[in-house]
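Remarks on the structure that follows.
As the structure lists them, so they are numbered: ligands from 1, and atoms in each ligand from 1.
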Amino acid sequence: MKLETIAVHAGKNSDPGSGAITSSIQLATTFEREADGAFPHGYIYARSNNPNRKNLETCLAALEGGAAAAAFASGSAASMAVFQALSPGDHVIAPLDVYYGTSVQLRELLERWGLKVSYVDMSDASQVEQAVISKTRLLWVETPSNPLLKIVDIDRMVAIGRRAGALVACDNTWATPVLQRPLEMGVDVVMHSTTKYLGGHSDVISGALISKVEDDFFRRLRLIQASGGAVPSPFDCWLVQRGVSTLAWRVRAQSEQAFLVAQFLSRHPKVAAVHYPGLKSHPGHEAAARQMKSFGGMLAFQVKGGRDAAMAVAAGVKVFTRATSLGGVESLIEHRASVEHPGTRTPDDLLRVSIGLEHVDDLIEDLSQALA
Ligand SMILES: *Cc1c(COP(=O)(O)O)cnc(C)c1O
């Protein structure tokens with residue numbers, strides 16, 4: 001079945017009580033047992049599992065082409081579960097420009113619990129190869145990266161991971177399963193902040209892990225989900241699943257529009273650089289063209305005149321909203337350096353943009369007047 005059809009139907013069931021064609025939201029925290037203690041519907045207590053989470057997990061596994069999925073209360077809880085499933089002394093290789101929140105988890109929380117982490121420029125596979133040691137257990141991939149849209153060659157990471165006997169996990173939040181299929185390329189686990197494109201409407205914080213096979217590592221992730229307890233509410237699961245129904249069409253439109261905005265910006269005299277993998281000038285263009293169906297709805301650009309000039313552009317927009325995050329129907333613009341830590345590697349003149357579903361002419365006109 002094709003992705004659009006999966007997105008509409010996977011994990012959906014009409015309500016047997018009323019015939020309502022959308023799944024009902026089951027808020028119960030606990031489920032009745034038979035006289036002999038059996039629980040024929042499979043549910044005991046809602047932290048361990050519940051109907052809306054099960055529906056969402058069925059949907060997400062089908063969407064990414066995985067064997068099983070585990071939904072979490074946020075993307076951060078999902079990435080945390082992957083790291084917690086490792087053991088003290090295990091070695092992780094992560095991108096230098098890994099999502100800021102993920103780097104905080106590794107540096108501030110997990111290194112104290114004995115994980116060893118090497119940060120390398122993953123867009124250069126030879127740096128990853130050189131970082132492998134006998135204790136390497138996980139390659140954490142994120143592509144396109146934030147905020148410079150660097151592209152990591154997934155095929156090469158899978159090859160390096162295999163040789164090292166290490167798992168390969170991919171944060172697929174930015175690309176989405178519409179544009180990039182990590183599990184089909186040999187990646188072991190896909191992570192999502194479903195807060196972004198999958199939810200798609202900037203109204204739910206949530207995350208997920210999808211595993212290629214239901215192996216011991218995935219069973220460990222399940223254990224962390226249920227006993228760690230960072231689980232999404234039934235309503236949050238329902239919202240994410242509703243968002244997923246339109247995912248393919250939203251992402252395709254956002255991606256087309258981002259390409260037009262990137263082209264406009266790359267011709268603008270006040271723009272010093274545009275970071276969008278769809279542009280031939282982008283250093284990751286070829287790898288992106290190989291592993292992505294199109295280039296996504298995210299881009300970043302640098303404004304001539306430094307930080308103040310960039311801040312003035314962000315201050316001047318009328319259709320874009322100044323806010324962090326991405327993947328919603330509304331276009332967002334953000335001066336990324338000011339929300340990251342003081343030592344951030346993000347250039348001071350850089351604005352990051354998430355393209356929404358407004359008409360692209362209005363978006364271009366808005367940036368045009370803000371840059372004037
Ligand atoms: C937002 C985001 C996260 C974190 O997800 P939350 O849902 O905010 O916890 C992780 N990785 C990427 C690439 C993100 O954009």
Give me the residue, atom name and distance of the protein heavy atom closest to [atom].
| atom | result |
| --- | --- |
| atom 12 (C) of ligand 1 | Asp171 OD2, 3.4 Å |
| atom 15 (O) of ligand 1 | Lys196 NZ, 2.8 Å |
| atom 10 (C) of ligand 1 | Tyr99 CD2, 3.4 Å |

Which ligand 1 atoms are under 4.0 Å away from a heavy-atom of [X]?
| X | answer |
| --- | --- |
| Gly75 | 5 (O), 6 (P), 7 (O), 9 (O) |
| Met191 | 10 (C) |
| Trp174 | 13 (C), 15 (O) |
| Glu142 | 13 (C) |
| Thr195 | 7 (O) |

So salt bridge (charged side-chain N to carboxylate O under 4.0 Å, His left out) across residues 105-114, not counting sequence neighbours, yields none

Quiz item: Hey, does Ser206 sit under 4.0 Å from ligand 1 if you only count heavy atoms?
Solution: yes

CG of Asn49 to CZ of Phe39, rounded to nearest 0.5 Å, is 10.5 Å

All heavy atoms of Ile160 vs all of Glu129, minimum pair found to be CG1-OE2, 3.8 Å

*Note, Leu149 side chain near Trp174 side chain (heavy atom, < 4.5 Å)*: yes

Q: Verify whether one side chain among Ser245 and Lys12 offers a donor that lies under 3.5 Å from an acceptor in the other.
A: yes

Side chains of Asp97 and Ser145, donor plus acceptor under 3.5 Å
yes

Any nitrogen or oxygen of Thr102 lying under 3.5 Å from a nitrogen or oxygen in ligand 1? Just yes or no.
no

Q) Quick check: are there more than 12 heavy atoms from other residues, nucleotides or ligands sitting under 6.0 Å from CZ of Arg252? A) yes

